[in-house]
Amino acid sequence: MPGKLKAKIVAGRHLPVMDRASDLTDAFVEVKFGNTTFKTDVCPKSLNPQWNSEWFKFEVDDEDLQDEPLQITVLDHDTYSANDAIGKVYIDIDPLLYSEAASVISGWFPIYDTIHGIRGEINILVKVELFNDLNRFRQSSCGVKFFCTTAIPRCYRAAMVHGFVEELVVNEDPEYQWIDRIRTPRASNEARQRLISLMSGELQRKIGLKVLEMGGNAVVGYLQCFDLEGESGLVVRAIGTACTLDKLSSGSAPNTNTHIHPNTAPASNACNSPSKDGKESPLAHGCRSTHNSPVHSACSSQRLSQNFSVSVPTLIFTGMGSGGSAGKEAGPLKTLLRQQTQTALEQREFPFFTLTSFPAGFLVHVGGVVSARSVKLLDRIHNPDEPETRDAWWEEIRQEIKSHAKALGCHAVVGYSESTSICEEVCILSASGTAAILNPRYMREGCLDIGSTDHRFEEPSPPSCGFCHIPYDEFNMPFPAQLTYCYHCRRQKVPDVLFTTIDLPPEASVTGKGCLIQARLCRLKKKAQGEVNATAISNLLPFMEYELHTQLMNKLKLRSMNALFCLHIQISVGENMLLGLASATGVYLTALPAPGGIQIAGKTPGDLSNEHHILTIQKRINDTIAKNKELYQINPPELTEETVGSPIPEPRQRHRLLRSHSESSDELSELDLSHGKKDAFVLEIDDTDALEDIHSLLTDASPPTGFYSCNTEIMPGIFNWTSGVQMFTSVRVLRLSNANLTNQGLNKTFTDLCENLLKSFYFKLRSMIPCCLCHLKFTVAVPEEELIQVTVTAVAMTFDKDQSQEKLTEKPTTKGSTETEEQLQFPLELSTDLSTNMQTSNKISGTVSLLTPAAKLYQNQLIMVHSAGVPESTTVSPRAASVDYGSFADRCSTWLELLKMKAHTIRRGSVKTISSLDRSSPLPEGRSRSLRSNRSFGGSSVPVVKMTPVSFLPGTRIIKYLGIINMFFIRETTSLREEGGISGFLHSFIAEVFAMVRAHVAALGGNAVVSYSMKECVLMENPNKNQAQCLINVSGDAVICVRETDQEPPSVANIGQTCCSSADGAT
Amino acid sequence: MAVELDVFVGNTTIMDEEVYQLWLDGYTVNDAVKVRMEGGVMDECEASADVLQSDTMDQYRTFQMCERLLHSPAKLANQLLFQIPPHRQAMLIERYYAFDDAFVREVLGKKLSKGTKKDLDDIGAKTGVTLKSCRRQFDNFKRVFKVVEELKGPLVENIRHHFLLSDKLARDYAAIVFFANNRFETGKRKLQYLTFQDFAFCAGQLINSWTVGALDNQVEDMDVDLDKEFLQELKELKILISDKDLLDQHKSLVCTALRGKTKAFNEMEANFKNLSRGLVNIAAKLTNTKDVRDFFIDLVEKFIEPCRSDRWTAGDMRLYLTHYTNSAHILDTFKHQVVWDRYMGVIKSCIFKMYHD
């Protein structure tokens, strides 16, 4: 018996009155685990019973411990008739199964009934004793930690990132079993809740096993989803990133960000440590040049497989501009490098990472967004033990994603996620991510030794821009894009626009602030059945993607920005329409060229009135752009100034011999040229589509003063977060009237719906000004023919307007040199440290980027640090950032052509483009926010539990992760009117779900949930029958966080100083 | 194109105090939206009428869901459904239990029964308080009454403890409970000039000095019921008016003390016997429940009105009553000093409070 589970029922309170005669309740409790059930005594005639039961002990396999929830049922004893159930509590005991997390679950849990909601509370104590047994064939994976957070959790260090893990399990949906006809709704709901709980336990266990096989001990970025396929079954699937995590000692915990890397992270190419090329290079070079044939052959994207599965080509590109400038560096050396990095990844079936933010140095370059969708017809899952069909579907999609990434010259996909949309028997499977080049060392064991080899040839590219540099070969670009030299380092090529699905890397240098950008689209389709329907949908998808991307691009330009982060495109299918919603956070990356304006053109120049009309529109657009620039504080430094201001790249000179082409004169002329021709983004307005586009462009309102919004973790350009946090969920359902069922009318309706939601948020949260809505996550659904449902979860976080300046001044003064010395103790890793520093300091420079001159100055200093570093230690290896993919691109080019042709056929002549480049974000970003106490109000008897969809709470430090929260609830009512209609019903259900999450976290000893998300909110109503049903699935990481003390600033401030002081020294 | 469903739920429950007040005041959602629009809140965040409507609906729903908890405020602190910071909880409770003086003035001393509840629409119409708000207030009175009725210990403390109210509000509720329990008549025309606060003050005096609890603080209903023994003893005071000598003696003592100190001396002297008879008779009759109910009307008719018609100032009143009370101690044959003090202490402060326009 590998485990003993013990539970004790202490007391109840606020129980409902079950006996009308006495206005009291005779309550007792059943405690069930697996097939064993215990009962407490009946506590007669009390609404606040004290049971104080003995310890109920269950001796069980650890496999069961992982799969099964502890089920607690509170009942009212009835002498003459059957006992009435009051409600239940399901407790997931997984958090007790690994040693570092919670040791006991103890607290008040809401007693939940699927028909009546919360009915009182019960106080429970749960403990687990695990026995070691090492020699049996392991079916359990106790001890593997799970995190929803899509970054390396803050009090851990990533020793190794193993890669992608996935699993799915299927079953029949109890709601659709024959027995459902004869059992009560309550029994049916409970069967469903229990089944899903079991399935997620099993899924988690299986994934844990895979992680153990890979040698890891944790899954980060764990994303679990349910597909309610109706008749055909119930699928629970999950993806995640397997890692080996080391716990940081508590002392260093606050500094997570800075210290994580030294050992593990080999300085990535992204860091430009200057020196050292001479030393290592000859050896290293060439020693790993081996395989570059990809393990998986690239497959063509359009697979009209059999009758019922259609996959839609959705490679996305950026850059609508004219052909790129001729780039020059490239060269064979880069190829070598790249081959090396590739090998590590190509051994994996899917080099995918669900992370959206990364340890410093992990992400080297970003290629662009890759996505794949496939339309499938659902059939009954005949054998739950063999979920092959579903597996095969996803496998197909993943292959496609992988080949897209290759086409972009990338060997990995980061910020990867999968989703489905189901309507009747049609299912759209979608996957998307960001093609990227990663530093391979995180993925290889024993790679901590020098290995600087690879990087010699690269020019140093500072981390603040390295990720923007193109990963693909500029002569064989996968799509038309306009390349220029990086505006930040001037050494590498960057695209004109960058789209990604990851978070903005904290070290990225950004001009001004960012903002939420959404593209919304409705397309009507005919009602149809089966394959006809599936084909119709798959035919529509490319158009939708194209239009969404055009909208995004227009809106981006309208805001004078040049990059999108956290791009998430959801396409939702209904019986007679498809809804598309793309959300992203736009920013102005300093490294990328300024976007050109939008030019309106009419096709009939003769028409005067038309011309006038065009002029007016043009003027409005120009005004809006100007206004937006001001609003988001986008004042990119003048080009000339920057050239002057940019450091004399000492390192560059050193490298010049190795680089064949980088003459500075070249660069300059190149830049000028591109600058000169970058304006034209032409919108023609003779068709209604364009009119609609323009209309939607101009109707998006910017947030009111004092508000910002973004769907990234935090708002680029804001660093001084204060402790105010308000997480919320909002749901709106709109009933369409038949009258305006035209595409245009629908678009307007849908856009208004989203805009009005945002306006409502601003209004409701106005007391928090200045504040930013972060991690805004919109989910759309078409629950019924004429309904559109939008669900939003986000967090409002306050910040201090005035602190950015302070930060700047503070920095130089705090203690400095000690840190440097410490770092020097690890000479080999110095470069890493430097890169970390760089990143951090860039962050700082980001903070002040609104004060342009200062920021610039600061950047200069940073670069000097690097040059200063050279004399100090020769061991530092230059790790160059950019990698070249020439040969790879060749290989892919044929495939690409194919793709391109397809893109053309999609819509005559229209090139769909999106691209994304992205970069990895270094880890737990140590933001320089202001720390202010977060402490919730004491005195209340219910512990305060904060919730946030973001991976941290401003002003606090996470000291312990207590385990994953993954809960599924069903609520049903047959008295809809009495509960305040559908709104009242859902309002109380959501409040109940929050309450249950908080209670579980509090019982684990936690005081916050981070990376919280509501993954499912399925609502069905039948007002005529006065009935409604809703399913909600939420997840997150339970944590203990403490107020950040004065200890925290070191992570940021010290480094800042280090940089500064060494810079001083250098000057 | 109708919004079928629209909810917003925060992890920390968001409540706007202004909207809460509108809800408490019984405004419908639409009326509340109008009021808010006039209040200029729209300019704050570039909000539109739709936004306001949606926000108001949400908040109203939240309040309705909270209302159940507000009925037993102690639950609010340890319920799990809404995460509300303690200071907001206090605000919610305090405002929920707050009442309109105009409304309470109408109900004061009435039986908190269904009958009275039926009259609420009339009262609402008369006082300009919405029916919904009237009901809430009335139900609050009733709820507090029911809870404290069966509790031991000091009334104000019990109310404060059970309903987590501020001291001031707890005292007001104590007054309401006290009045409702003893059914003091407050509705007569002659009493109309008195405010709720006047009565509340008097109730406080009565509770402190005349109830069972004034002597013993562990009896049930200690602060709600008047001390029967004391009321019995009050009969003894009759001697002050029935004994001619004593009455004269008392008068001369008072007059000596007052002479030259007030312009109204002549009237005081002339009326002394009447006034003294009035006060002592009130005391002597308090054993009858009916007369207890008429306590305030009697005070006004027998004492306050005559004084007012003689144009006594508040200072005159103070002077007169002080000497009237103190002089009784000098009377050799008057043995009921303790009872006299207990009686006159309350009478004095009540009359001081009630003697205004």
Side-chain angles (χ1 to χ4, degrees), chain A residues 13-14 108-110 118 121 701 704 706-707 725-737 739-740 749 756 759-767 769 787 789 936-942 944-948 980-984 986-988 990-992 994-996 998-999 1019 1021, chain B residues 1-19 29 36 41-69 71-72 74-90 164:
Chain A
R13 68 181 182 198
H14 307 160
W108 289 99
F109 290 86
I118 291 180
E121 289 124 34
F707 269 110
V725 168
Q726 171 66 280
M727 189 280 291
F728 61 86
T729 289
S730 181
V731 183
R732 240 176 232 198
V733 175
L734 205 65
R735 182 173 290 281
L736 303 167
S737 56
N740 53 0
T749 307
N756 288 338
K759 279 184 202 152
S760 277
F761 301 157
Y762 297 138
F763 180 73
K764 278 191 184 291
L765 299 162
R766 65 195 184 284
S767 65
I769 286 179
L787 297 183
Q789 175 184 336
S936 17
F937 329 78
S940 126
S941 57
V942 176
V944 172
V945 174
K946 297 211 166 190
M947 292 166 71
T948 173
I982 189 75
S983 293
L986 188 63
H987 192 137
S988 51
I990 294 176
E992 283 167 353
F994 285 179
M996 287 183 279
R998 287 192 302 256
L1019 185 66
E1021 58 165 329
Chain B
M1 211 155 355
V3 174
E4 180 101 352
L5 176 159
D6 179 15
V7 298
F8 177 102
V9 189
N11 182 38
T12 304
T13 307
I14 294 185
M15 294 170 170
D16 184 315
E17 294 190 27
E18 188 202 340
V19 185
V29 172
R36 296 182 81 189
V41 75
M42 291 229 283
D43 310 333
E44 272 182 46
C45 248
E46 301 162 26
S48 64
D50 287 350
V51 166
L52 221 53
Q53 174 90 19
S54 140
D55 179 60
T56 312
M57 280 291 283
D58 251 332
Q59 305 234 20
Y60 266 51
R61 248 194 331 262
T62 310
F63 300 139
Q64 266 152 30
M65 288 161 71
C66 279
E67 189 164 17
R68 186 177 53 83
L69 297 164
H71 290 170
S72 42
K75 271 193 191 164
L76 196 63
N78 60 14
Q79 52 82 34
L80 303 178
L81 190 56
F82 299 102
Q83 184 156 276
I84 306 170
H87 67 269
R88 304 285 288 175
Q89 288 180 15
L164 309 176

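Just so you know, these numbers come straight off a predicted model, no measurement behind them. Values reported hereafter were calculated over all heavy atoms of this structure, with side chains retained and with hydrogens, waters and symmetry mates removed. Here is the naming used below: chain letters follow the sequence lines, and residue numbers restart at 1 for every chain.
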- Query: What residue in A:Met996, A:Glu1021, A:His14, A:Glu992 has the most heavy-atom pairs under 4.5 Å with chain B?
  - Reply: A:His14
- Task: Return yes if some donor-acceptor pair links the side-chain N/O of A:Arg13 with the main-chain N/O of B:Asn78 below 3.5 Å, else return no.
- Result: yes
- Item | Heavy-atom proximity to chain B below 4.5 Å, by part of A:Ala991 | both
- Query: What residue in A:Gly980, A:Ser767, A:Ser760 has the most heavy-atom pairs under 4.5 Å with chain B?
  - Reply: A:Ser760
- Query: Among A:Gln726, A:Met727, A:Met947, which residue forms the greatest number of heavy-atom pairs with chain B at distances under 4.5 Å?
  - Reply: A:Gln726
- Note on the structure: Applying ring pair (Phe, Tyr, Trp, His ring centres under 6.0 Å) to A:Phe994 and not counting sequence neighbours gives none
- Task: Validate the cation-pi geometry between A:Lys764 and A:Phe728: distance from NZ or CZ to the six-membered ring centre under 6.0 Å, angle to the ring axis within 45°.
- Result: no
- Query: B:Asp6: what forms a side chain to side chain contact (heavy atoms under 4.5 Å, CB included) with it, not counting sequence neighbours?
  - Reply: A:Arg732, B:Val3, B:Ser54
- Query: For A:Ala995 and B:Leu80, which heavy atoms make the closest approach, and how far apart are they?
  - Reply: CB-O, 3.1 Å
- Query: So which part of A:Ile118 gets closer than 4.5 Å to some heavy atom of chain B, the side chain, the backbone, both or neither?
  - Reply: side chain
- Contact leader toward chain A among B:Thr62, B:Asp58, B:Leu76, where contacts are heavy-atom pairs under 4.5 Å: B:Asp58
